[in-house]
Amino acid sequence: MKRLFPILGACLVSAAATSADAGEVYGGVLAHGVDTPFTFETNEEGIDLQAGVRSEPIEALSFVGKPSLYAFGSVNTAGDTNFVAAGVSWKIDLGPVYLRPGVGLALHDAPAFRLDLETRIRTDLGSRVLFEPEIAIGLPVSERVSVEASWVHISNARLFNSQQNPGIDMIGVRANLAF
């Protein structure tokens, strides 16, 4: 529980810094440690509770599609890896639904060294700061509310160990409330 307080503090600072220009707030519930082709087994599990903010699309960056800034915190209910992340995302309208790809950096509290005793393979994440790509497909429910199916990934992209990249994938749903 002690390691949770710095993560929550960083999340609150990030949210406060971004909320003045917030275009929307969001919250989600995601399965933690989902097995995908992008990760090795880290033996992590549980549910992640996610809360964050997104800015309005940035007009000055229209040459790259008017991305929005985002910041969020993710708390794991099983006591595994918690993290905060910040980055940019784009909302791409596709008729009745939209696609929201994003990329950012995450700061996590997983162990600095972790070894799977059965396989003797290291399962630590390689660095305290990780890449955080994500993608969601969303559906507007009303003028201000939308729901999204979301995939979030955190990993070192094999930059710190070319032989392995355990990473963690989260898949779930988010609800968004626009201002």
Side-chain angles (χ1 to χ4, degrees), residues 7 10-39 48-76 81-108 125-160 162 165-179:
I7 295 292
C11 180
L12 291 175
V13 169
S14 296
T18 310
S19 64
D21 298 321
E24 62 186 6
V25 295
Y26 61 94
V29 178
L30 294 89
H32 182 92
V34 177
D35 186 21
T36 72
F38 301 108
T39 59
D48 283 6
L49 304 176
Q50 192 180 94
V53 294
R54 285 190 198 97
S55 72
E56 290 288 335
I58 302 168
E59 293 293 328
L61 296 178
S62 62
F63 63 96
V64 290
K66 298 183 199 173
S68 296
L69 300 176
Y70 67 83
F72 71 89
S74 187
V75 177
N76 181 264
T81 301
N82 305 294
F83 63 97
V84 293
V88 294
S89 68
W90 293 261
K91 187 175 180 182
I92 304 165
D93 287 319
L94 301 173
V97 298
Y98 62 86
L99 190 65
R100 187 187 301 274
V103 63
L105 294 175
L107 176 66
H108 68 90
L125 299 173
S127 171
R128 193 60 55 204
V129 177
L130 302 173
F131 293 103
E132 183 270 328
E134 60 178 68
I135 193 162
I137 186 160
L139 177 67
V141 176
S142 71
E143 189 175 308
R144 295 182 51 211
V145 176
S146 62
V147 293
E148 297 175 347
S150 175
W151 168 76
V152 176
H153 174 80
I154 58 173
S155 77
N156 69 37
R158 293 189 178 196
L159 292 180
F160 301 102
S162 63
N165 180 26
I168 301 172
D169 282 327
M170 286 73 53
I171 296 175
V173 296
R174 297 191 290 215
N176 308 294
L177 175 63
F179 290 105

**Message:** Any side-chain to backbone donor/acceptor pair from S68 onto S55? Under 3.5 Å, distance only.
**Reply:** yes
**Prompt:** Do any N or O atoms from the side chain of R54 and from the backbone of Y70 form a donor-acceptor pair under 3.5 angstrom?
**Reply:** no
Just verifying a value: how many Å separate [X] [atom1] and [Y] [atom2], rounded to the nearest 0.5 Å?
{"X": "L177", "Y": "Y26", "atom1": "CG", "atom2": "OH", "answer": "13.5 Å"}
{"X": "I154", "Y": "E132", "atom1": "CD1", "atom2": "CD", "answer": "8.5 Å"}
{"X": "E134", "Y": "S89", "atom1": "CD", "atom2": "OG", "answer": "6.5 Å"}

**Item:** side chain to side chain contact (heavy atoms under 4.5 Å, CB included) evaluation trace for F179 with E56
**Value:** CA-CA 9 Å; F179 290 105; E56 290 288 335; 5.6 Å; no
**Message:** According to ring pair (Phe, Tyr, Trp, His ring centres under 6.0 Å), who are the partners of W90, at least two apart in sequence or on a separate chain?
**Reply:** none
Checking side chain to side chain contact (heavy atoms under 4.5 Å, CB included) between [X] and each of [options], which is the one that passes?
{"X": "H108", "options": "L130, V84, N82", "answer": "L130"}
{"X": "M170", "options": "N76, V34, L30, T81", "answer": "L30"}
{"X": "I137", "options": "L94, V147, V97", "answer": "V97"}

Please tabulate, for the side chains in residues 98-107, all donor-acceptor contacts under 3.5 angstrom to protein atoms that are two or more places apart in sequence or on a different chain.
from : atom 1 : to   : atom 2 : distance (Å)
Y98  : OH     : S146 : OG     : 3.0
Y98  : OH     : E148 : OE2    : 2.8
Y98  : OH     : N176 : ND2    : 3.4
R100 : NE     : E148 : OE2    : 2.8
R100 : NH2    : E24  : OE2    : 3.1
R100 : NH2    : E148 : OE2    : 3.4

**Item:** Pairs involving residues 60-69, ordered by first then second residue, that meet salt bridge (Lys or Arg N to Asp or Glu O under 4.0 Å) (sequence neighbours left out)
**Value:** E59-K66
**Asked** Minimum heavy-atom separation for W151 to I171, with atom names?
**Response** CD1-CG1, 3.7 Å
**Request:** Could you pull out the closest heavy-atom pair between G167 and S155, with the gap in Å?
**Result:** CA-CB, 3.7 Å
**Message:** Is a donor from one side chain sitting under 3.5 angstrom from an acceptor on the other, for D48 and S74?
**Reply:** yes
**Asked** Are the side chains of F83 and V152 in touch, meaning some heavy atoms are under 4.5 Å apart?
**Response** yes
